[in-house]
> 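Before I ask anything, let me first share the structure, which is written out below as structure tokens.
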Amino acid sequence: MQPCVQVTLRNQACHWILFVLTLNVHFRAVRSRNIRCHICIVTCDFWGLPAAGGTATAYHLLANSLASSGSTNWPVTLLGATRRTSLCEDAKQKLSSGAVKFECLSPEHFHPKVVENFPYEALGVAVVRWLKDAGRSCDIIHTHEWGGGMQQVASYASMHPEVRLIVEPHGGHFWSTQGTRERPTDLFALRIDDLERQTLQMAHDVKSPSAYMLAHLRQRGWHLPADSSVIPNIVPQAAGSSDARQVKQVWRLAFFGRLEERKGIKLFCEAIEMLDVTKYPKLEVMFIGGASQVDMMPSTKYLQQRTANWPVRVQLLGQLSRPEAMSVLKEKGTLIVLASLVENLPFALAEACIEEIPFITFNVGGVVEMLDSALHEDVIVHNISSVSLYQTIDCILSQGWAKTSTLTVGMKRGEKLWHSLHKQHDQNRRRRTSSGTPLTVQVVSMELLQKCRVLKNDICTAKDTAETLLLVPANFQIPSLADLTHIKYLASQLQRLVMSHRLGALVFGSRLPNSFVSYPSTPTWITYHGTEPLCVENNPLLILKDLFCSLFLPEAGDFELFHTWLLIKHLNGAGLITTAFPDPVFSLLNFSRSDPGCFSDRIPSFRKLSGDRVGNLLGPAEDVLMGHHLAVWPRPVTAFREDFHSFQGHRGWYYISYDEFGQENSLQFWEAKQQWACDTDSPASISQTSLHPCASRPVEGGVCCGRKLTVVGVRYVSNIRDPSAFLDLTFEVWPTCGDGLVVEGVLVNQQNLESRKLFSKAFAPSSDPPQRETVAQTIPLLPGDSLVVLVDPLDNHDCDGVYIQDIKLWTST
């Protein structure tokens, strides 16, 4: 039966139209019901990735346990969610022999291409496309929150009440950046954090590996389902592990974990260097863990240089398979040192307990949930510092022995609890239905400059019986009635979603004129072009009419024109979230804004509000006080992106270039392109976000500012005196052609003009996604000293360049 349609036209002076679409039927999701309960585990971290971590271990062990539980009703599929499809296929060949069905995304899942507002967005859309593949039907979906990309999966699952989404929080973006010098408040970080929050809020179940993680999230204001609880990760053989501690000799120290600062590699090295090794002639040190970067060099090289003069035997064993690592660590005399600064529920600790290998660990994350702290005071280091670590190590080496550790009862019950949870969902799933409540939908086609009060007055005083509003701004093509299947179904689910997930509204992605797809997302709620400074501020939005009329507040008088983000802010004030529906229903006809800030990592100028308006939008007094007055808000002395300007020398920054003879050449600022360059045609340029060199040595005369080579860079002339200033440089490199490029930093002393190379790294051309690089160094600075960052194009490079996340300098205070 087709829905009856009534079309009315009113308020022609305002040039907007109301269509009333009445739904007479229940709309069901187009999904087949499985006879057996099919479990799908979706993870961006899986065995086979070079840097596979704790999330990979947790999900593979969960998948293997559920698939081999003896119940034929639980087929398990594990999706390795990555854009590196060839790497995933290699892993699939190695892992597909077991009971778990291992699958990968295909290149087709990434088309049409998505304009990415944050690094994992296209991946999340691809996973939803995989879930919707013909013939696939997942009754239970497991996924993680970190990265924000799986918010698309949470959105998809929430629209289908017959699907059960279980999210295991493994630590979000802000959690993983603990200990950084500055609060991560860039748009990418804020966007990722909010989408991670939505992933958990929209889940049916949140099962945390540790009580620590639940408390951490709730303390930061995350809204979790009321019945969120703790189920430890599965640890094979934990149930039968020993409850008796053993005494074992110790003369060998093993750092076990990824070789990176977050895992405490520097603190461990500092602690070893404090030891009086003459007291311990048998002392050995080994490093086992995947490679990373420390101080902008490969971790292996860093350790080779740092340990070169240690008067003890040092072994750099690098990445070993789990069985190989355990075999080495079980050798007589070994003490594992777990020096990680941030942890959730460290699997390495559980393995050491089961294998009866002595260890010491910092008191981080859920460590005290894994060990009875009253019985393990000798192995838990409560003060996270190199001095405390040294003191514990020195004590153990002095006595020559250490005790093994035992797991708590809760850790031993993890596997049983996971099986019980899935049995419960399997029994309940047949009672769940995807039918919704039939509603009428009022489609509102708005003007480009739609007045707030007029919009609210005409909608909320009308006598129509419509319960749901579909607000469609100008420049968006309203789907034909035959194509409104998604809208009809979502309207039927909206009341349930408001009650179960506190979902205030749905916004919609759109097909762009360039064939890309773009989804608006927090905190800007803008549809971006992606490659050009073009965007659209308002987006199609579905909301219950009662919510719109009660929570949208144009009467405050701060805004004359309607803004999607303003309506969303009013919903947020009532504790409601907004999410994007993971399927493009609309088509964008043209972009209404052109602004240098129309990129996903910037704020457009038309969003900059006056002080009065900002003041009127402030939240509760306690939040404002904590955020702006009580809490320390460190700021750098200077920041390249914030201080970028059209004048040379502004706040100490100069924009420079060199030719093949080392001669410095002047650049000028081009207003139209908002960049420094020698002319408008040369590839050599400097913008607020990029350093773009140019080389054309094979070409006589060259196209690089009339030269064969143009090295571009920035120079900061210091106005501070600090023997321990801190340089924080983060960038991405995009060399896809030519022979690559070199990024280097130099510190020039103003008094004697001597230069000191701070770092230098070459990047070869690559088709892989760019990798973020970080330089974090302490440098002495006097007034007049110069910090120079250069990008050298080598012999033949005239495309792409270096994306500058930022260059910041901090004082030691």
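Below, each value reflects all heavy atoms present in this structure, side chains not excepted, and no hydrogens, waters or symmetry copies. This chain uses plain numbering: 1 for the first residue, then up along the sequence.
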> Go through Thr638 and Asp643 one step at a time and tell me if the side-chain hydrogen bond (donor to acceptor under 3.5 Å, both in side chains) criterion holds.
CA-CA 7 Å; Thr638 187; Asp643 295 336; 2.7 Å; yes

> Of all heavy-atom pairs between Ser600 and Leu187, which one has the smallest distance, and what is that distance?
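Nearest heavy atoms, Ser600 then Leu187: O-CD1, 3.7 Å.
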
> Using the ring centroid of each side chain, check whether Trp565 and Phe559 are separated by less than 6.0 Å.
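Trp565 vs Phe559: aromatic centres under 6.0 Å.
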
> Below 4.5 Å, heavy atoms only, C-beta onward: do Arg607 and Glu537 meet side chain to side chain?
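Yes; the side chains approach each other to less than 4.5 Å.
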
> Any chance the rings of Phe647 and Phe669 have centres within less than 6.0 Å?
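Not close enough - the centres of the two rings lie 6.0 Å or further apart.
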
> Please give me the minimum heavy-atom distance between Thr531 and His529, naming the atom from each residue.
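Closest approach of Thr531 to His529: OG1-CE1, 3.0 Å.
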
> Could you tell me if the side chain of Leu214 sits less than 4.5 Å from the side chain of Val206, heavy atoms only?
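Side chain of Val206 against side chain of Leu214, heavy atoms only: contact under 4.5 Å found.
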
> As an exercise, state the distance from OG of Ser228 to CG of Leu217, rounded to the nearest 0.5 Å.
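It is 9.5 Å, given to the nearest 0.5 Å.
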
> Between the main-chain N or O of Pro596 and the side-chain N or O of Arg602, is there a donor-acceptor pair closer than 3.5 Å?
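Confirmed, Arg602 side chain pairs with Pro596 backbone.
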
> Applying side chain to side chain contact (heavy atoms under 4.5 Å, CB included) to Phe188 and His173, what does each step give before you reach the verdict?
CA-CA 10 Å; Phe188 281 171; His173 181 70; over 6 Å; no

> Rounded to the nearest 0.5 Å, what separation is found between the CG atom of Asn572 and the CD1 atom of Ile577?
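Reported value, rounded in 0.5 Å steps: 9.0 Å.
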
> Is the closest side-chain heavy-atom distance between Pro119 and Ile192 below 4.5 Å?
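Yes; the side chains approach each other to less than 4.5 Å.
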
> For the OG atom of Ser550 and the CG atom of Leu547, what is their distance to the nearest 0.5 Å?
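Those atoms lie 5.5 Å apart.
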
> For the ring pair His501 and His204, is the centre-to-centre distance below 6.0 Å?
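Centroid distance His501-His204: below 6.0 Å, so yes.
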
> OG1/Thr468 to CG/Leu494 distance, rounded to the nearest 0.5 angstrom?
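With rounding to 0.5 Å, OG1 (Thr468) is 6.0 Å from CG (Leu494).
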
> Is a donor on one side and an acceptor on the other found under 3.5 Å between the side chain of Trp670 and the backbone of Ala677?
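Answer holds: yes.
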
> Is the centre of the Phe562 ring less than 6.0 Å from the centre of the Phe552 ring?
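Between Phe562 and Phe552, the centre distance is under 6.0 Å.
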
> Would you say Phe599 and Ile526 make side-chain contact, with heavy atoms under 4.5 Å?
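A side-chain contact under 4.5 Å is absent here.
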
> Before you tell me yes or no, could you show the steps for Leu625 and Glu622 under side chain to side chain contact (heavy atoms under 4.5 Å, CB included), namely the whole-Å CA-CA distance, both residues' side-chain angles and the distance that decides it to 0.1 Å?
CA-CA 5 Å; Leu625 182 67; Glu622 291 83 359; 5.7 Å; no

> Apply the test salt bridge (charged side-chain N to carboxylate O under 4.0 Å, His left out) to residues Arg453 and Glu560: give CA-CA distance (whole Å), side-chain angles for both, the deciding distance (0.1 Å), then the verdict.
CA-CA 7 Å; Arg453 295 196 187 197; Glu560 180 183 6; over 6 Å; no

> Scan side-chain atoms only and decide if Tyr803 and Asp601 contain a donor-acceptor pair under the 3.5 Å cut-off.
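The criterion, which ignores hydrogens and geometry beyond distance, is satisfied for Asp601 and Tyr803.
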
> Of Leu470, Asp458, Val472, Ile459, which is the lone residue that meets side-chain contact (heavy atoms from CB on, under 4.5 Å) with Val444?
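So the option named by the test is Ile459.
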
> Any chance the side chains of Tyr528 and Thr524 put a donor and an acceptor closer than 3.5 Å?
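Note: Tyr528 and Thr524 side chains meet the donor-acceptor criterion.
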
> Would you sort out whether Glu555 and Lys456 count as a salt bridge (charged side-chain N to carboxylate O under 4.0 Å, His left out), showing the intermediate values?
CA-CA 10 Å; Glu555 297 86 353; Lys456 181 174 181 178; 3.0 Å; yes

> Calculate, to the nearest 0.5 Å, the distance between atoms CD1 and CG belonging to Ile543 and Leu503 respectively.
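These two atoms lie 9.5 Å from each other.
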
> Closest heavy-atom contact between Trp676 and His645?
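That would be NE1-O, 3.0 Å.
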
> Going by atom types alone, do Gln151 and Thr199 pair a side-chain donor with an acceptor below 3.5 Å?
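No, no side-chain donor-acceptor pair sits under 3.5 Å.
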
> Strictly distance-based, threshold 3.5 Å: is any side-chain N or O of His570 a donor or acceptor partner for the main-chain N or O of Leu553?
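At least one qualifying donor-acceptor pair exists.
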
> State, to 0.1 Å, how close Pro582 and Val128 come at their nearest heavy-atom pair, and which atoms those are.
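Heavy atoms of Pro582 and Val128 come nearest at O-CG1, 4.0 Å.
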
> Determine yes or no for a side-chain-to-main-chain donor-acceptor pair under 3.5 angstrom, with Gln198 supplying the side chain and Thr578 the backbone.
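Pair found, side chain donor or acceptor close to backbone of Thr578.
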
> Go through it in stages, so that I can follow the logic: the residues are Met202 and Thr579, the test is side chain to side chain contact (heavy atoms under 4.5 Å, CB included), and I'd like the CA-CA distance, side-chain angles, deciding distance and then a yes or no.
CA-CA 10 Å; Met202 299 184 71; Thr579 189; 3.9 Å; yes

> Work out which heavy atom in Trp146 is nearest to a heavy atom in Cys44; give both atom names and the distance.
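Nearest pair, atom of Trp146 first, then Cys44: CH2-CB, 3.8 Å.
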
> Using a 3.5 Å distance criterion without hydrogens, assess whether the side chain of Gln178 forms a donor-acceptor pair with backbone atoms of Val342.
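Not at all, since once roles are kept as given, no pair shorter than 3.5 Å links the two residues.
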
> Do Leu497 and Met159 come close enough that some side-chain heavy atom pair is under 4.5 Å?
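Answer yes - side chains close enough.
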
> Let me see the working for Phe476 and Asn539 under side chain to side chain contact (heavy atoms under 4.5 Å, CB included), right down to the final yes or no.
CA-CA 8 Å; Phe476 288 90; Asn539 297 279; 3.8 Å; yes

> Mind checking whether Phe581 and Val507 have side chains closer than 4.5 Å, heavy atoms only?
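No, too far: nothing below the 4.5 Å cut-off.
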
> For Ser155 and Ser158, test the side chains for any donor-to-acceptor distance below 3.5 angstrom and give the result as yes or no.
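No - no donor-acceptor pair under 3.5 Å links their side chains.
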
> With no hydrogens and no angle check, is any side-chain donor or acceptor of Glu467 less than 3.5 Å from a backbone partner on Thr440?
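Side chain of Glu467 to backbone of Thr440: a pair is present.
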
> About how many Å separate CE of Met446 and CG of Asn538, when rounded to the nearest 0.5 Å?
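Between atom CG of Asn538 and atom CE of Met446 there are 6.0 Å.
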
> Go through the steps to decide whether Trp653 and Phe640 satisfy the test ring pair (Phe, Tyr, Trp, His ring centres under 6.0 Å), and finish with yes or no.
CA-CA 8 Å; Trp653 289 95; Phe640 169 73; 5.5 Å; yes

> Ignoring hydrogens, what is the shortest heavy-atom contact between Phe118 and Gly149? Give both atom names and the distance.
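Minimum heavy-atom separation between Phe118 and Gly149: CE1-N, 3.7 Å.
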
> Is the Phe508-Phe586 ring centre distance short of 6.0 angstrom?
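Judged by ring-centre distance (under 6.0 Å), Phe508 and Phe586 do meet the cut-off.
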
> May I ask you to test the Tyr716-Tyr654 pair for a side-chain heavy-atom distance under 4.5 Å?
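Not in contact.
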
> Got Leu224 and Arg218 here, is their nearest side-chain heavy-atom distance under 4.5 Å?
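Contact flag for Leu224/Arg218 side chains = yes.
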
> Once you measure the plane-to-plane angle for His160 and Tyr156, does it fall in the parallel (<30°), tilted (30-60°) or perpendicular (>60°) bin?
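Rings of His160 and Tyr156: tilted, as their planes differ by 30° to 60°.
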
> Without swapping roles, check the side chain of Arg191 against the backbone of Thr522 for a donor-acceptor pair under 3.5 Å.
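At least one qualifying donor-acceptor pair exists.
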
> Hey, does the side chain of Arg593 reach the backbone of Cys535 with a donor-acceptor pair shorter than 3.5 angstrom?
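A pair under 3.5 Å: no.
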
> Has the side chain of Asp205 got a donor or acceptor atom that lies under 3.5 Å from a matching backbone atom of Val167?
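A pair under 3.5 Å: no.
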
> Between Gln674 and Gln688 (side chain of the first, backbone of the second, donor and acceptor by atom type, cut-off under 3.5 Å), is there such a pair?
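No, because the side chain of Gln674 does not come within donor-acceptor range (under 3.5 Å) of the backbone of Gln688.
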
> Could Arg511 and Phe516 be counted as a cation-pi pair, given that NZ or CZ must be under 6.0 Å from the ring centre and within 45° of the axis?
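The answer is no; the distance or angle limit is not met.
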
> Mark yes or no: Arg220 above the aromatic ring of Phe174, with NZ or CZ under 6.0 Å from the six-membered ring centre and no more than 45 degrees from the axis.
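Verdict for Phe174: no cation-pi partner in Arg220.
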
